[in-house]
Amino acid sequence: MKKIKIRNISKSNVLVKNGMLADNFFTRFKGLMGKKELKKGEALCIKPCKGIHTFFMRFNIDAVFINKKGKVCKIIKNLRPWKIAPYVKEAEMVIELPKGAVDEFMIEIGDKIVFRNL
């Protein structure tokens, strides 16, 4: 998987210093399955993506859906394992963050998110 850094330019903060980009069939399919946890500063960005599930995962996550303009269009906090998140028609990608990251970084609908390859 490609390594990325993710910033919320609306809040002028770094959300993720050590992110992974899942942008092909295999990496999107595997996602976070088999991982024991997401540590602070880590995340998985799935692109393209309009919906996620947490089957075979071992921990809760926060999910942030991003539209084609790079803006947050849906937020799901504390998504537990073995759940299906709603389909988000306007989403282009999803960022899977450690549980509590949305509140910690005060991520809100409409925030502008940018990515940089590492």
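Numbering starts at 1 and runs along the sequence shown.
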(request) Under the side-chain contact (heavy atoms from CB on, under 4.5 Å) rule, what do M1 and T27 come out as? Steps first, then yes or no, please. (result) CA-CA 7 Å; M1 279 193 246; T27 57; 3.5 Å; yes
(request) Could you go through the side-chain contact (heavy atoms from CB on, under 4.5 Å) check for F65 and I76 one step at a time? (result) CA-CA 8 Å; F65 293 77; I76 301 172; 3.7 Å; yes
(request) Apply the test side-chain contact (heavy atoms from CB on, under 4.5 Å) to residues N13 and R7: give CA-CA distance (whole Å), side-chain angles for both, the deciding distance (0.1 Å), then the verdict. (result) CA-CA 6 Å; N13 60 19; R7 295 190 68 230; over 6 Å; no
(request) Under the side-chain contact (heavy atoms from CB on, under 4.5 Å) rule, what do I4 and R116 come out as? Steps first, then yes or no, please. (result) CA-CA 5 Å; I4 57 172; R116 190 182 89 203; over 6 Å; no
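Connection of I6 to L38 is not established within any shared hydrophobic cluster, with ILVMFWY side chains joined at heavy-atom distances below 4.5 Å, either directly or through further cluster members. The hydrophobic cluster containing W82 does not contain F59, counting ILVMFWY residues as joined when their side-chain heavy atoms lie under 4.5 angstrom apart, directly or transitively. When hydrophobic clusters are built by joining Ile, Leu, Val, Met, Phe, Trp and Tyr residues whose side-chain heavy atoms come closer than 4.5 Å, directly or via intermediates, L15 is not grouped with L32. Note: the hydrophobic cluster containing L97 also contains I113 (ILVMFWY, side chain heavy atoms under 4.5 Å, direct or indirect links). Residues V72 and V88 do not share a hydrophobic cluster, defined by chaining ILVMFWY side chains whose heavy atoms lie under 4.5 Å apart.
One N or O on the side chain of T54 and one on the backbone of R80 form a donor-acceptor pair closer than 3.5 Å. A donor-acceptor pair is defined here as one N or O able to donate and one able to accept, closer than 3.5 Å; such a pair exists between the side chain of R28 and the backbone of P48. Under the 3.5 Å distance criterion, the side-chain polar atoms of D62 are matched with a main-chain donor or acceptor of N78. Judged purely by atom type and a 3.5 angstrom limit, K74 has no side-chain atom pairing as donor or acceptor with the backbone of P86.
Looking only at side-chain heavy atoms (C-beta outward), I61 and P98 stay at 4.5 Å or farther from each other. Within the 4.5 Å cutoff, side-chain heavy atoms of L79 are placed close to those of I52. Put simply, the side chain of F115 does not reach to within 4.5 Å of the side chain of L21, judged on heavy atoms. Looking only at side-chain heavy atoms (C-beta outward), M93 and I46 stay at 4.5 Å or farther from each other. Using a 4.5 Å heavy-atom cutoff, the side chains of K83 and H53 are not in contact. Considering only heavy atoms from C-beta on, V64 comes within 4.5 Å of V102 through its side chain.
Between K71 and D111 no salt bridge is recorded (no basic side-chain N to carboxylate O distance below 4.0 Å). Electrostatic pairing of K11 and E108 counts as a salt bridge here, judged by a charged N lying under 4.0 Å from a carboxylate O. In this structure, D23 pairs ionically with K2, as a charged nitrogen and a carboxylate oxygen lie closer than 4.0 Å. With respect to the salt-bridge test (charged N to carboxylate O, under 4.0 angstrom), the residues E104 and K40 qualify.
Side-chain contacts under 4.5 Å among hydrophobic residues (ILVMFWY), followed directly or transitively, place I9 together with V114.
Taking NZ of K35 as the reference point, atom NZ of K30 lies at 8.5 Å (rounded to 0.5 Å). Of the inter-residue distances, the one linking C73 atom SG with K50 atom NZ reads 8.5 Å to the nearest 0.5 angstrom.
Residues I95 and A43 approach most closely at CG2-CB, 4.0 Å, considering heavy atoms. In this structure, E42 and E37 approach most closely via the heavy-atom pair OE1-O, 4.2 Å. The minimum heavy-atom distance between S10 and G110, with the atom names listed, is OG-O, 4.3 Å.
Counting heavy atoms of neighbouring residues, nucleotides and ligands inside a 6.0 Å radius, atom NZ of K17 does not exceed 12 of them.
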